[in-house]
Structures are given as structure tokens and as C-alpha cells.
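This report refers to the structure that appears directly beneath it.
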2 protein chains.
Amino acid sequence: MTPPTTPPSNTRAIPCEKCPLRSSGHFRDFENDEELAFVSHFKRGELLAEARSTLFVEGTNSPHLYTVISGWGFRYKTLQDGRRQILNYVMPGDFVGLQASLMREMQHAVECLSDMRLCLFERSRLMELYSRNPSLGFDITWIAARDERILDEHLLSVGRRTAVERTAYLLAYIQARAKAVGLFEGDDVDITPLTQQHLADTLGLSLVHTNKTLRKLQDLKVIAWREAGVRVLDIDRLCDIAGWQGLPDEKRPFV
Amino acid sequence: MTPPTTPPSNTRAIPCEKCPLRSSGHFRDFENDEELAFVSHFKRGELLAEARSTLFVEGTNSPHLYTVISGWGFRYKTLQDGRRQILNYVMPGDFVGLQASLMREMQHAVECLSDMRLCLFERSRLMELYSRNPSLGFDITWIAARDERILDEHLLSVGRRTAVERTAYLLAYIQARAKAVGLFEGDDVDITPLTQQHLADTLGLSLVHTNKTLRKLQDLKVIAWREAGVRVLDIDRLCDIAGWQGLPDEKRPFV
DNA sequence: CGTGGAATTGACTAAGGTCAAAGTTAGTGG
DNA sequence: CCACTAACTTTGACCTTAGTCAATTCCACG
């Protein structure tokens, strides 16, 4: 529950023209200069949050909306007695805080895994974005629909896949998403900040059982659990075990 | 897998002015005549689908988008070997087929529980809606964000709640949603077309265990399983068992 | 070294799944 | 009105998966 901190900063906000998401090649760039100009005008600053800090607290509201520029984190919900369910991971290009913007308040929390850089917008101006640049509004809907599709798959996983299938799916999923935005260097997932407890809370399994399930996958030689994270040795096999097709690889928009 | 059928019809499409969703009092009506006019222009017809028919098949695409006018159904995904996970229920005011409109194809199927009447739009004109009437576009995003929030809660449920809590949540959820749109007459859920198999596939439990769990809830006198569905005897207690706050009761938009 | 947060493991328990059989109910056709 | 089905619901017996508890081991770090 460490509050988000804005580091002392020798850091300066990145102008949208130079937004790393544009040049990464993983996203569909703005359609035209007008869109770029509009987003520039919409952007109000940046948030630099440290690993382990909490970006949003469940049940609160926030006047801000963010697009993740770099780093990653996760969204989760908890039951009164502390049981926690991780809902999804947020990675570069993801929109954070849309729910809080549209509904009264956020029904989930968001926590950073690594240091994160986020592009900050004011939610009060969201409607303006829709009016002045409808195609950006359309893109936001697109992003929301994509998040929903991912949740569908998670729900299928937690509801119907066995522990091994589910774990295989989760690792494949994280690997695929991270790779799609170039989150980690190299080919293997540098899952570093993620503990087995995180995986367990995502999978809906206990910590102990998660550990034993990971071992099974290691014995099958499809992953290797390392000092600094998991190495995915055989993504195809992993998808195969999970019965998962992987992510569609289309360029996606961001705002 | 019965294909959707369009009954012979003594039925005529309802003009938007007389849309029952407007007069039901459960939704926020159009802001002004312009919106109404635009939606009218956007509407391309109606689909009357019979109970048990499949509206969308997993993995296919469709040129149409729908708003549910009456009746209800459910969205689901399946694994290769047939294991099925029901993701959510669609009820009046819900948008169906947005994913297929934005992504290449629908990753889930939709099946009717009761006869349904749906308002039909063409997905090729969706962008036009955003451009010509941004606030309707905004509403669609709102609806998508709401769906996502519901999925978050389901995921928490399936991942972390016990069988009894989960079942209590599900029944409370269906009751609350149905009530919020006046789906059933009277106070108790006329869950008629829904079998325990449906509940099981939603809960991520086996049929047998679902049955035993329902019995526990009956023994607690919070529900009663009847010929024609479940009667929710004590919604507060149900929410309490589930540790669920219920749905926010704000008027919601529809398109 | 000493500490604290992960990761591991083994032993035991419990929640939930599988199987099989029987009871209900609504619908069909005679 | 009555047998006959088919689809659901219920139950009991037994099995498997996953959870709980309690140590232990590993490391990174001060």
C-alpha cells in the first residue's frame, strides 16, 4: 500500500511526438498529425511510479486516467478476509483507470510490479476526446473490448482448466503479451518482480499447489524457473498444453 | 446449435421512439431528439431469436451488432474437449457482438435462454456512430467498461470464493440484474430456462456439486428451487454470504 | 554472519469431481 | 387418460485434486 511516488526527477515528460510507444513498432501509430496534436493536447503529464507502489486503491475514485508507457503491474480485487484475485496484468499501451472514469469508482486496485511510467490524462476531458476526435474514442472502445476478451479467456481458464493447463496458459499469456510490446529483453520472460504468490493469486490456486504445478511444467521441460524469473523454453508446447491459440497478432491502437 | 430463426412474423420492427427500453424506466433515455434520430437511422432491423438458438458461434464473424430489447441469453467459451465456461448473461440493454465488430472475430458464443428480440445494427457503420454522435460512442465505451467490471467480479468469484459463496453470488447477481431491467415478473427469479448445468458451467463447478451447494443454500432458507426456477428468499443474506455489495444502481445508457 | 522474503517439500485434510442409480416432470403419441 | 421418453434433479459412495500446516532450504542483502 505504498503510495505512488513521483521520483525527484531528472526526468522530464516525454512529448507525444517522441512517445516510445509510437516508435516501438508494436502499435498502430496515429492516423495523422491531427490525432497526434490532439493527444498531445490531451496529455497532462506523467506519473512515475515505483515498483510495488499502489496506483489505485479498490473502491476509490481518481481524476486521472493513464496509458502505460513503460513497466508493468497488475489489477486485482480482494475479498474482505484478504483473499486476492489478480484479474489481469497491465503493460505498455494499456489504459488504466477507465472504469473509475466512467463509473463512480474503481472496483479493483492496481499495483506496480516494476517501476512504471504512465502518461496522465484528466478524466474530465474524456468526453471532449470523443467529440473532438471520434476515432480516438473508437480506439478506446477497442482497447476496452480487447481487455474484455482477455478476461473471458482468464475466466475460462480459472473456471475450467486444470491446474497444469491453467498455469501453462498463464505463462504463455504473459510471455506472449510481454513479447508483443517488447517488455523484456531477450526471449525469455524476465518475470523477476513476480513471485509464485502472484501466479497463485492469478490462477486461483494456493501457493503450494502453484509451486508443485510449476515443478511439473519444469519436469516436462517447457519452462525453467530461474533466479531472475521464468524462462519459457517451449511456448508452442505451453499453448498446446493449455489448449490456447495465443494472442492475435494485429497492430493495436493506443491513445 | 439451432440457427437463429426469424419467426414468420405478425411482428413488425419497433420504431426507436417506442423502444421499450426507453419507457421501462431502467435506462437513461436519449439526451435529445438528435440522438434518438441518429439511433433510428442507425438501426437496421430486428432479430427475433428463439430460446435455445445460437446467436453467435465461437470463432466466427458477423456483420451485425445487437442491442438486446427483450429476453435473455448467455455468452460462453468452450475448450476443445467440450468443457464449457459461461462468461456472462446478456439481458435487455446489453450490447452483443461488439468484440466481433472490433476484432477480427468473436472469441465466444452467445446462446438464447428465452426468446429474444434484438435491435440490429451494421457493424460497418459503427465508426460513423462515433463520428456523428460522439456521446453515443461514449456510451458504448461505458457499456463495455461495465461488462468488464462484471467480469472482474466473476473472476474473483470463480478464482477465490468457495462453492457456497460463489453460488450465492451468482444467484444474487442474476436476481439483481434481472430486477434492474424488469426481466422477470414479480420478485423471484423465474430462472426457468436455466438448468443447474448452466449454473455449474458459470460457477466452474461440476453439476453434482452445484446441486449439493444449492441444497445447502436451500437449507439455509435463502433460496428455494422451484418447478419454475429459483426463488430468492433473502437477497441480503445471499449478498452477505457471498461478500458481495450488489450492483450499483445508477441509470445506465443504452444504444 | 544474521535476517527476511521466496521457494520447496512432505504429510495430512478437505473441497470438489466422477460414477452410477433413482426419482421427477413435462411432453408425445396412442 | 396413460404408457413412454428425454431431460433434469437428487443422492450416495468413492476418488482426485487442491488446500493447509509445518518445516527446511535458498538467497540477496545489510
Expressed as a whole number of angstroms, how long is the span from [X]:[atom1] to [N]:[atom2]?
{"X": "B:Gln197", "N": "C:dG17", "atom1": "CD", "atom2": "C1'", "answer": "13 Å"}
{"X": "B:Asp201", "N": "C:dG17", "atom1": "CG", "atom2": "C1'", "answer": "14 Å"}
{"X": "A:Leu194", "N": "C:dG5", "atom1": "CG", "atom2": "P", "answer": "18 Å"}
{"X": "B:Leu113", "N": "D:dC8", "atom1": "CG", "atom2": "C1'", "answer": "15 Å"}
{"X": "B:Arg83", "N": "C:dG16", "atom1": "CZ", "atom2": "C1'", "answer": "15 Å"}
{"X": "A:Leu214", "N": "C:dA7", "atom1": "CG", "atom2": "P", "answer": "9 Å"}
{"X": "B:His198", "N": "D:dT9", "atom1": "NE2", "atom2": "C1'", "answer": "15 Å"}
{"X": "A:Trp225", "N": "D:dC26", "atom1": "CH2", "atom2": "P", "answer": "18 Å"}

* To do: Note down the inter-axis angle between the two ends of the helix from C:dC1-D:dG30 to C:dG30-D:dC1, five pairs each, to the nearest 10°.
  => 40°
* To the nearest 0.5 Å, tell me how far A:Gln99 CD sits from A:Glu105 CD. => 10.5 Å
Can you tell me if the side-chain N/O atoms of [X] get under 4.0 Å from OP1 or OP2 in [N]?
{"X": "A:Arg215", "N": "C:dA7", "answer": "no"}
{"X": "A:Gln196", "N": "C:dT8", "answer": "yes"}
{"X": "B:Asn211", "N": "D:dT9", "answer": "no"}

* What residues form a salt bridge (charged side-chain N to carboxylate O under 4.0 Å, His left out) with B:Arg75, not counting sequence neighbours? -> A:Glu148, A:Asp152
* **For A:Glu165, all residues meeting salt bridge (charged side-chain N to carboxylate O under 4.0 Å, His left out), sequence neighbours excluded** => B:Arg83
* **nucleotides 12-18 of chain D: protein proximity per nucleotide (B base, S sugar-phosphate only, - neither; heavy atom, under 4.0 Å)** => BB----B
* With sequence neighbours left out, which residue pairs that include part of residues 205-218 of chain A fulfil the salt bridge (charged side-chain N to carboxylate O under 4.0 Å, His left out) condition? -> none
* Asked: With sequence neighbours left out, which residue pairs that include part of residues 84-93 of chain B fulfil the salt bridge (charged side-chain N to carboxylate O under 4.0 Å, His left out) condition?
  -> B:Arg84-B:Asp201
* side chain to side chain donor-acceptor pair (under 3.5 Å) involving B:Ser24 - partner list, sequence neighbours excluded -> none
Extract all donor-acceptor atom pairs below 3.5 Å that involve side chains of residues 237-247 of chain A and protein atoms in other chains or at least two apart in sequence.
none

* Could you check if a side-chain atom of A:Arg161 sits within less than 4.5 angstrom of a side-chain atom of A:Leu156, using non-hydrogen atoms only? => yes
* Could you say whether A:Leu207 or B:Leu207 is positioned toward the 5' end of DNA chain C, judged by the nucleotide with the nearest heavy atom to each? => A:Leu207
* **Which residues share a side-chain contact (heavy atoms from CB on, under 4.5 Å) with A:Leu120, sequence neighbours left out** => A:Arg44, A:His64, A:Tyr66
* Asked: To the side chain of A:Thr195, which of D:dC8, D:dT9, C:dA7 is closest?
  -> C:dA7
